[in-house]
Amino acid sequence: MQPLHALLGSIVMAVAALFVVGAGVATWLDRGHDLVRRAVLAMGAILVIQVLAGVVLYLGGTRPAEGLHLLYGVVIVAVLPFASSFASEAPPRSYSGAAAIAGMLILLLAWRLLSTG
């Protein structure tokens, strides 16, 4: 299961990078905001799957190399709901911009999570 968790971590990073680019382009062009809202849900689902894999590992006795890994895991899951609720009543362009910023934070946190093992 641990190799799967590491693979999912790499997938999260790749998807987050695509998410940032897509939301950024939607913000810049002021188009495709409905796709960004769907991408937020997809990104959230991918993060939940990754966290569930981590929880299974943790409950099975496998602990991360650093305790901060657990804190970062909680924070990375909270980023999208926080950004979505923050920008929920904002115009579509602003929502996409908030999603792009949240995606960048997810990308940075995913990188940190991979480095904390």
Side-chain angles (χ1 to χ4, degrees):
M1 182 69 139
Q2 197 165 4
L4 175 63
H5 190 58
L7 174 65
L8 287 171
S10 298
I11 291 170
V12 165
M13 287 209 46
V15 170
L18 290 172
F19 179 80
V20 168
V21 170
V25 167
T27 303
W28 185 40
L29 297 177
D30 198 14
R31 300 176 75 189
H33 304 296
D34 289 335
L35 291 174
V36 172
R37 289 188 185 274
R38 288 188 205 119
V40 165
L41 295 175
M43 185 78 228
I46 291 168
L47 289 171
V48 167
I49 290 167
Q50 172 66 329
V51 168
L52 288 176
V55 168
V56 168
L57 281 172
Y58 189 84
L59 293 176
T62 304
R63 302 292 186 257
E66 294 182 35
L68 278 176
H69 189 86
L70 302 175
L71 175 64
Y72 291 136
V74 170
V75 172
I76 200 170
V77 170
V79 169
L80 275 177
F82 178 75
S84 291
S85 67
F86 178 75
S88 64
E89 297 192 19
R93 186 175 198 172
S94 297
Y95 181 89
S96 294
I101 292 168
M104 183 55 80
L105 185 56
I106 288 169
L107 187 59
L108 293 170
L109 286 167
W111 170 75
R112 182 65 180 133
L113 277 161
L114 283 173
S115 66
T116 60

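- By the 6.0 Å contact criterion, CE on M13 is enclosed, its count of non-hydrogen atoms from other residues, nucleotides or ligands being greater than 12.
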Could you walk me through whether F19 and V40 satisfy the side-chain contact (heavy atoms from CB on, under 4.5 Å) test, starting with their C-alpha distance in whole Å, then the side-chain angles of each, then the deciding distance to 0.1 Å, before giving a yes or no?
CA-CA 8 Å; F19 179 80; V40 165; 3.7 Å; yes
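- W111 and M43 fall into different hydrophobic clusters, where Ile, Leu, Val, Met, Phe, Trp and Tyr side chains are chained together by heavy-atom contacts under 4.5 Å.
- Two different hydrophobic clusters hold L41 and V36 under the rule that ILVMFWY side chains link at heavy-atom gaps under 4.5 Å.
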In sequence, state the C-alpha distance, the side-chain angles, and the governing distance for R112 and L68, and then conclude on side-chain contact (heavy atoms from CB on, under 4.5 Å).
CA-CA 10 Å; R112 182 65 180 133; L68 278 176; 4.3 Å; yes
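- Screening residues 67-91 for salt bridge (Lys or Arg N to Asp or Glu O under 4.0 Å), with sequence neighbours left out, gives no hits.
- Grouping the Ile, Leu, Val, Met, Phe, Trp and Tyr side chains by contacts below 4.5 angstrom, directly or via other members, places L107 apart from Y72.
- Closest of all the heavy-atom pairs between Y95 and S84 is OH-OG, 3.2 Å.
- Tested against V79 for a side chain to side chain contact (heavy atoms under 4.5 Å, CB included), the candidates I106, L108, I101, L47 yield a single pass: I106.
- Residue pairs meeting the side-chain hydrogen bond (donor to acceptor under 3.5 Å, both in side chains) criterion with at least one member in residues 36-47, sequence neighbours excluded, do not occur.
- In terms of heavy atoms, G103 sits closest to A16 at O-CB, 4.3 Å.
- When every heavy atom of A23 is checked against every heavy atom of S96, the shortest pair comes out as CB-O, 3.7 Å.
- Here the shortest heavy-atom pairing between V51 and G73 reads CG2-O, 4.2 Å.
- Placement of V55 and L113 within a single hydrophobic cluster is found when ILVMFWY residues are connected by side-chain heavy-atom separations under 4.5 Å, directly or transitively.
- Counting only residues at least two apart or on different chains, no side-chain hydrogen bond (donor to acceptor under 3.5 Å, both in side chains) pair has a member in residues 11-21.
- Residue V20 comes nearest to A100 through the heavy atom pair CG2-O, 3.9 Å, listed as atom of the first residue, atom of the second, then distance.
- Connection of L105 to V77 is established within a shared hydrophobic cluster, with ILVMFWY side chains joined at heavy-atom distances below 4.5 Å, either directly or through further cluster members.
- Remark: T27 pairs with no residue by the side-chain hydrogen bond (donor to acceptor under 3.5 Å, both in side chains) rule, at least two apart or across chains.
- Taking CG of L4 as the reference point, atom CG of L57 lies at 8.0 Å (rounded to 0.5 Å).
- For the side-chain hydrogen bond (donor to acceptor under 3.5 Å, both in side chains) condition, the pairs that include at least one residue of residues 46-64, sequence neighbours left out, are H5-Q50.
- Nearest heavy atom pair, residue A110 against residue I76, reads N-CD1, 3.7 Å.
- For V48, the side chain to side chain contact (heavy atoms under 4.5 Å, CB included) partners two or more places apart in sequence, or in a different chain, are L52.
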